[in-house]
A.B. asks: 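Quick one: this structure, given as structure tokens, is what I'll be asking you about.
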Amino acid sequence: MGKIVILTGAGISTESGLGTFRDAGGLWERYPIEQVATPEGFARDPALVHEFYNMRRRDARAASPNAAHQALARLQRDWDGEVVIVTQNVDGLHEAAGASVLHMHGRLNGACCVACGARWDAPPRMSPADPCPACAAPATRPDITWFGEIPQHMDEIADHLISATVFASIGTSGQVYPAAGFVREAAQAGAHTIELNLERSDISAAFDERRTGKATQVVPAWIATLLPE
Ligand code: APR
């Protein structure tokens with residue numbers, strides 16, 4: 001039955017009440033990227049950065065998975081082959097729906113230590129004075145991949161992309177690399193590629209097939225073609 005590799009972005013969580021980054025009114029219109037999503041911004045003002053992620057952690061914990069997250073979890077459970085879900089999202093909605101996912105941009109529910117590299121589950125609120133539970137240094141940060149940093153799980157993701165028979169991209173604008181390059185890697189390795197998004201993205205032309213609409217509609221409809229009742 002083959003391997004299906006799925007990349008998700010902020011658009012899959014919009015209908016759960018979490019905003020996107022680049023749509024009108026998106027997060028990056030309200031908060032400058034260089035202040036809240038770069039190592040340099042964190043070094044300049046860690047309290048501001050923690051507040052930004054405390055707010056997003058609170059919103060994400062209050063949100064529930066929607067029909068698109070649930071359909072992907074069902075595909076992962078019932079498909080007669082392998083289904084790998086890679087997300088750029090830092091919310092926990094795929095897991096809340098019962099799926100297992102690779103978080104390439106980290107997790108709001110994760111914390112790590114700049115001094116010793118330890119990782120642990122984030123409390124609801126983090127602050128610059130929090131000591132690391134492993135080495136006690138007051139050098140803790142959200143376990144989030146910021147601009148200028150290397151995303152997580154890249155070797156594993158690369159292996160999955162070259163062995164995919166289907167590659168799907170859901171709810172992402174295709175503006176941020178390396179994720180935006182996954183479609184070409186999968187296509188070069190022979191995968192059929194499909195984009196499911198509210199509108200055409202920057203990389204739509206690279207896909208064999210496109211399904212346009214809201215994630216809660218187009219994702220369950222696509223999955224119904226793969227898992228007939
Ligand atoms: N259903 C499907 N797609 C949607 C929906 C919806 N209900 N609502 C919005 N979209 C689409 C938008 O049309 C847009 O193409 O989701 C996409 C969201 O794009 P971005 O805001 O750029 O989010 P994303 O692609 O996930 O951003 C990638 O950028 O800033 C970084 O680290 C951050 O992981 C993030 C990365």
Side-chain angles (χ1 to χ4, degrees), residues 7-14 16-23 25-65 69 85-158 172-173 175-180:
L7 171 71
T8 67
I12 195 167
S13 295
T14 316
S16 292
L18 302 178
T20 58
F21 296 95
R22 298 176 180 78
D23 294 312
L27 270 182
W28 296 153
E29 221 172 79
R30 290 175 286 139
Y31 300 90
I33 288 181
E34 56 284 1
Q35 275 180 22
V36 298
T38 61
E40 296 77 16
F42 185 62
R44 251 192 320 268
D45 193 345
L48 174 82
V49 176
H50 274 303
E51 271 319 308
F52 175 70
Y53 289 98
N54 288 340
M55 170 196 79
R56 293 186 57 201
R57 188 177 303 110
R58 183 199 62 208
D59 292 349
R61 287 185 180 188
S64 302
H69 299 103
I85 303 172
V86 178
T87 189
Q88 298 169 91
N89 298 344
V90 293
D91 64 53
L93 294 178
H94 284 299
E95 294 94 321
S100 73
V101 283
L102 293 170
H103 279 276
M104 61 181 291
H105 290 169
R107 301 181 307 127
L108 284 167
N109 283 334
C112 62
C113 176
V114 179
C116 75
R119 287 192 148 91
W120 63 96
D121 286 340
R125 291 187 57 77
M126 295 181 67
S127 79
D130 292 344
C132 165
C135 75
T140 66
R141 56 168 274 185
D143 189 7
I144 300 281
T145 304
W146 287 323
F147 286 90
E149 297 183 319
I150 297 168
Q152 302 178 17
H153 310 294
M154 288 310 295
D155 290 346
E156 194 179 343
I157 294 168
T172 174
S173 61
Q175 292 191 36
V176 175
Y177 284 81

A.B. asks: Measure the CZ-CD distance between Phe147 and Glu40 for me, rounded to the nearest 0.5 Å.
C.D. replies: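 Those atoms lie 12.0 Å apart.
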A.B. asks: Does some side-chain heavy atom of Val90 sit less than 4.5 Å from a side-chain heavy atom of His103?
C.D. replies: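 Result no, sub-4.5 Å side-chain heavy-atom pair not found.
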A.B. asks: Which heavy-atom pair separates Arg57 from Pro123 by the least distance, and what is that distance?
C.D. replies: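 For Arg57 and Pro123, the tightest heavy-atom pair comes out as CD-O, 3.4 Å.
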A.B. asks: If I compare all heavy atoms of Thr140 with all of Phe42, which pair ends up nearest, and what's the gap?
C.D. replies: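 For Thr140 versus Phe42, the nearest heavy atoms are O-CZ, 3.6 Å.
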A.B. asks: Would you name the heavy atoms of Leu7 and Ala179 that are closest together and state the gap between them?
C.D. replies: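 Leu7 and Ala179 have their closest heavy atoms at CD2-O, 3.8 Å.
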A.B. asks: Tell me the closest heavy-atom pair linking Pro142 and His50, and the distance in Å.
C.D. replies: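 Closest approach of Pro142 to His50: CD-CE1, 3.7 Å.
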A.B. asks: So, Asn109 versus Glu95: side-chain donor-acceptor pair below 3.5 Å or not?
C.D. replies: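 Not at all, the side chains of Asn109 and Glu95 share no donor-acceptor pair under 3.5 Å.
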A.B. asks: Counting C-beta onward and ignoring hydrogens, is there a side-chain heavy-atom pair between Pro65 and His94 closer than 4.5 Å?
C.D. replies: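 No. Closest side-chain heavy atoms not under 4.5 Å.
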A.B. asks: Would you say that Ile33 contacts Phe21 through its side chain, given a criterion of any heavy-atom pair below 4.5 Å between the two side chains?
C.D. replies: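 The answer is no, as the side chains (C-beta and beyond) never meet within the 4.5 Å cut-off.
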A.B. asks: Nearest 0.5 Å, what's the CE-CD1 distance between Met104 and Ile157?
C.D. replies: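 Separation between the atoms: 5.0 Å.
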A.B. asks: Give me the atom names and distance for the closest heavy-atom approach of Gly106 to Gln152.
C.D. replies: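 Heavy atoms only, the tightest pair is CA-NE2, 3.8 Å.
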A.B. asks: Find the distance between CG (Leu27) and OG1 (Thr20) and round it off to the nearest 0.5 Å.
C.D. replies: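 If we round to the nearest 0.5 Å, Leu27:CG and Thr20:OG1 are 7.5 Å apart.
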A.B. asks: Quick one: does Ser13's side chain have a donor or acceptor within less than 3.5 Å of a partner on Ser16's backbone?
C.D. replies: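 Not confirmed, Ser13 side chain does not pair with Ser16 backbone.
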A.B. asks: Students often mix this up, so state it plainly: with edges at 30° and 60°, are the rings of Tyr53 and Trp146 parallel, tilted or perpendicular?
C.D. replies: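 If you compare the ring of Tyr53 with that of Trp146, the planes turn out tilted.
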A.B. asks: Of all the heavy-atom pairs spanning Gly25 and Glu29, show the shortest one and how long it is.
C.D. replies: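 Shortest heavy-atom contact: N-OE1, 3.0 Å.
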A.B. asks: Is Val36 close to Arg56 at the side-chain level, that is, under 4.5 Å between some pair of heavy atoms?
C.D. replies: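 A side-chain contact under 4.5 Å is absent here.
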A.B. asks: Is it true that a side-chain atom of Glu51 and a backbone atom of Ala47 form a donor plus acceptor pair closer than 3.5 Å?
C.D. replies: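 No.
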A.B. asks: Evaluate the side-chain proximity of Asn54 to Met126: yes if any heavy-atom separation is below 4.5 Å, no if none is.
C.D. replies: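 Met126 reaches Asn54 side chain to side chain.
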A.B. asks: Between Tyr31 and Val49, is any pair of side-chain heavy atoms under 4.5 Å apart?
C.D. replies: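 Result no, sub-4.5 Å side-chain heavy-atom pair not found.
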A.B. asks: Roughly how far, to the nearest 0.5 Å, is SG of Cys113 from CZ of Arg141?
C.D. replies: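 That separation rounds to 10.5 Å.
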A.B. asks: Roughly how far apart are Leu18 CG and Asp91 CG, rounded to 0.5 Å?
C.D. replies: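 Between Leu18 CG and Asp91 CG, I get 5.5 Å after rounding to 0.5 Å.
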A.B. asks: What I'd like to find out is whether the side chain of Leu108 reaches to under 4.5 Å of the side chain of Ile144, using heavy atoms alone.
C.D. replies: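 A side-chain contact exists here, since the closest heavy-atom pair is under 4.5 Å.
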A.B. asks: If I take atom NE2 from residue His153 and atom OG1 from residue Thr87, how far apart are they, to the nearest 0.5 angstrom?
C.D. replies: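 One finds 11.0 Å between NE2 of His153 and OG1 of Thr87.
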A.B. asks: Check this for me: does any side-chain nitrogen of one of Arg107 and Asp121 sit under 4.0 Å from a carboxylate oxygen of the other?
C.D. replies: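 Looking at Asp121 together with Arg107, the answer is yes, because their closest N to O distance falls below 4.0 Å.
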